[in-house]
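This is a predicted model, so every value here is computed, not measured.
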Amino acid sequence: MSHNFEAAATPQASHPNRAPVSELEAHLGYWLRFVSNHVSHSFQKKAEANGVTVSEWVVLREMFRLGCTSPTVLAQVAGMSKGAVSKLIDRLESKGMVSKSILLADRRQHSIELTTEGEALVPVLAGMADQNDEEFFGKLPRQLREDLLEAMKEVARTHQLKSAPLN
């Protein structure tokens, strides 16, 4: 689909027996999704070039912030199910980025932490995330960027959005 950035302002031929229908491009949600898809895809390619998926990056970043933790805590802070986090931890463990330890008191519980390799990768990917933001939003005036960020945070707070955007 080609995008006519002026379509929202251009009236279309109307059908006499139909109720008026707004253009797709007249909706803020449409533009948020349009931009988000491109921003996300760009970062996805950067993450995958470093051997991880975006979901794995989210887990690595949260583990970097938390330090040694449990899958349950990680699932809560990342806004994911415990099953999804467990699968991601297993994948990251197989890549040598996370290590698991069984807690002696209860053999069903694990502690997890980043390996040296995982610890070293997080700042690299964080820099790439910063670069990705700069590529897409760097031309916007600083105040507009800050206002846009605050507006999105307010929408998330208002609707109590908690889960990490993974797809």
Side-chain angles (χ1 to χ4, degrees), residues 1-3 5 8 24-25 27-101 110-167:
M1 164 189 276
S2 68
H3 293 281
F5 295 108
L24 279 175
E25 296 167 344
H27 300 99
L28 180 57
Y30 172 87
W31 288 108
L32 288 170
R33 181 70 181 207
F34 180 78
V35 171
S36 175
N37 284 352
H38 289 278
V39 172
S40 297
H41 181 71
S42 176
F43 182 68
Q44 177 184 347
K45 290 190 307 188
K46 291 173 174 84
E48 288 174 353
N50 282 273
V52 296
T53 65
V54 172
S55 298
E56 291 168 345
W57 154 242
V58 169
V59 167
L60 289 169
R61 182 61 188 89
E62 288 298 336
M63 288 180 68
F64 187 86
R65 182 176 66 84
L66 294 169
C68 186
T69 190
S70 71
T72 301
V73 169
L74 183 58
Q76 290 169 346
V77 299
M80 297 181 204
S81 71
K82 191 172 176 194
V85 164
S86 292
K87 287 178 185 175
L88 290 167
I89 291 168
D90 288 344
R91 286 192 339 221
L92 289 167
E93 185 179 33
S94 73
K95 294 177 181 186
M97 294 182 200
V98 170
S99 64
K100 287 193 285 190
S101 302
H110 297 93
S111 66
I112 52 173
E113 61 186 321
L114 294 176
T115 61
T116 304
E117 184 181 340
E119 184 94 16
L121 183 59
V122 171
V124 171
L125 289 171
M128 290 180 175
D130 295 341
Q131 175 191 9
N132 200 59
D133 263 17
E134 188 62 29
E135 288 169 11
F136 280 90
F137 305 110
K139 298 257 189 247
L140 297 176
R142 183 188 56 78
Q143 188 60 54
L144 181 56
R145 284 175 77 165
E146 290 173 8
D147 291 346
L148 184 57
L149 181 61
E150 284 308 310
M152 294 300 96
K153 288 179 178 179
E154 181 59 29
V155 170
R157 278 190 295 272
T158 300
H159 293 280
Q160 299 177 2
L161 306 177
K162 305 272 188 219
S163 59
L166 300 175
N167 42 356

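Between K153 and E150, at least one side-chain N (NZ, or NE/NH1/NH2) sits under 4.0 Å from a carboxylate O, which counts as a salt bridge.
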Exercise for the section: Please report the C-alpha distance between E154 and T158 in whole Å, then the side-chain angles of each, then the deciding distance to 0.1 Å, and finally whether the side-chain hydrogen bond (donor to acceptor under 3.5 Å, both in side chains) criterion is met. Expected result: CA-CA 6 Å; E154 181 59 29; T158 300; 3.2 Å; yes
Exercise for the section: Could you walk me through whether V122 and R61 pass side chain to side chain contact (heavy atoms under 4.5 Å, CB included), step by step? Expected result: CA-CA 6 Å; V122 171; R61 182 61 188 89; 3.9 Å; yes
Exercise for the section: Could you walk me through whether V39 and F137 pass the side chain to side chain contact (heavy atoms under 4.5 Å, CB included) test, one step at a time? Expected result: CA-CA 10 Å; V39 172; F137 305 110; 3.8 Å; yes
Problem - side chain to side chain contact (heavy atoms under 4.5 Å, CB included) assessment of E56 paired with M97 - result: CA-CA 10 Å; E56 291 168 345; M97 294 182 200; over 6 Å; no
Exercise for the section: For the pair T69 and E62, evaluate side chain to side chain contact (heavy atoms under 4.5 Å, CB included) and give the outcome as yes or no after the intermediate values. Expected result: CA-CA 10 Å; T69 190; E62 288 298 336; over 6 Å; no
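Formation of a donor-acceptor pair under 3.5 Å by the H27 side chain with backbone atoms of L24 is found in this model. Here the side chain of S111 pairs no donor or acceptor atom with the backbone of C68 at under 3.5 angstrom.
Looking at every heavy atom in both residues, A120 comes nearest to P123 through O-CD, 3.4 Å. T115 and S99 make their closest contact through CG2-N, 3.9 Å (heavy atoms, listed as atom of the first residue, atom of the second, distance). Closest heavy-atom contact between P71 and V85: O-CG1, 3.8 Å. Residues Y30 and E25 approach most closely at CE2-CG, 3.6 Å, considering heavy atoms. Taking every heavy atom of both residues into account, K95 and V52 meet most closely at NZ-CA, 4.0 Å.
No hydrogens or angles considered: nothing links the side chains of R91 and S55 as a donor-acceptor pair under 3.5 Å. Remark: the K46 side chain and the S42 side chain contain an N/O donor-acceptor pair separated by less than 3.5 Å.
The distance from atom CD of E93 to atom CD1 of I112, rounded to the nearest 0.5 Å, is 10.0 Å. From E135, atom CD reaches atom CG of D130 across 11.0 Å, with rounding to the nearest 0.5 Å. The CG atom of D133 lies 6.5 Å from the CZ atom of R145; values are rounded to the nearest 0.5 Å. A distance of 9.5 Å separates CG in L140 from CD in E134, rounded to the nearest 0.5 Å. Note that CG of L28 and CZ of R33 are 14.0 Å apart. Values are rounded to the nearest 0.5 Å.
Of the candidates L66, L74, T72, S70 forms a side-chain contact (heavy atoms from CB on, under 4.5 Å) with just one, namely T72. Applying the side-chain contact (heavy atoms from CB on, under 4.5 Å) test between F64 and each of L121, L114, L125 identifies L114 as the sole match.
Ring orientation note: the planes of F34 and W31 are nearly perpendicular, at an angle over 60° on the 30°/60° scale.
Residues I89 and H110 are not in side-chain contact: their nearest non-hydrogen atoms beyond the backbone lie 4.5 Å or more apart.
A 6.0 Å sphere centred on NZ of K87 holds no more than 12 heavy atoms belonging to other residues, nucleotides or ligands.
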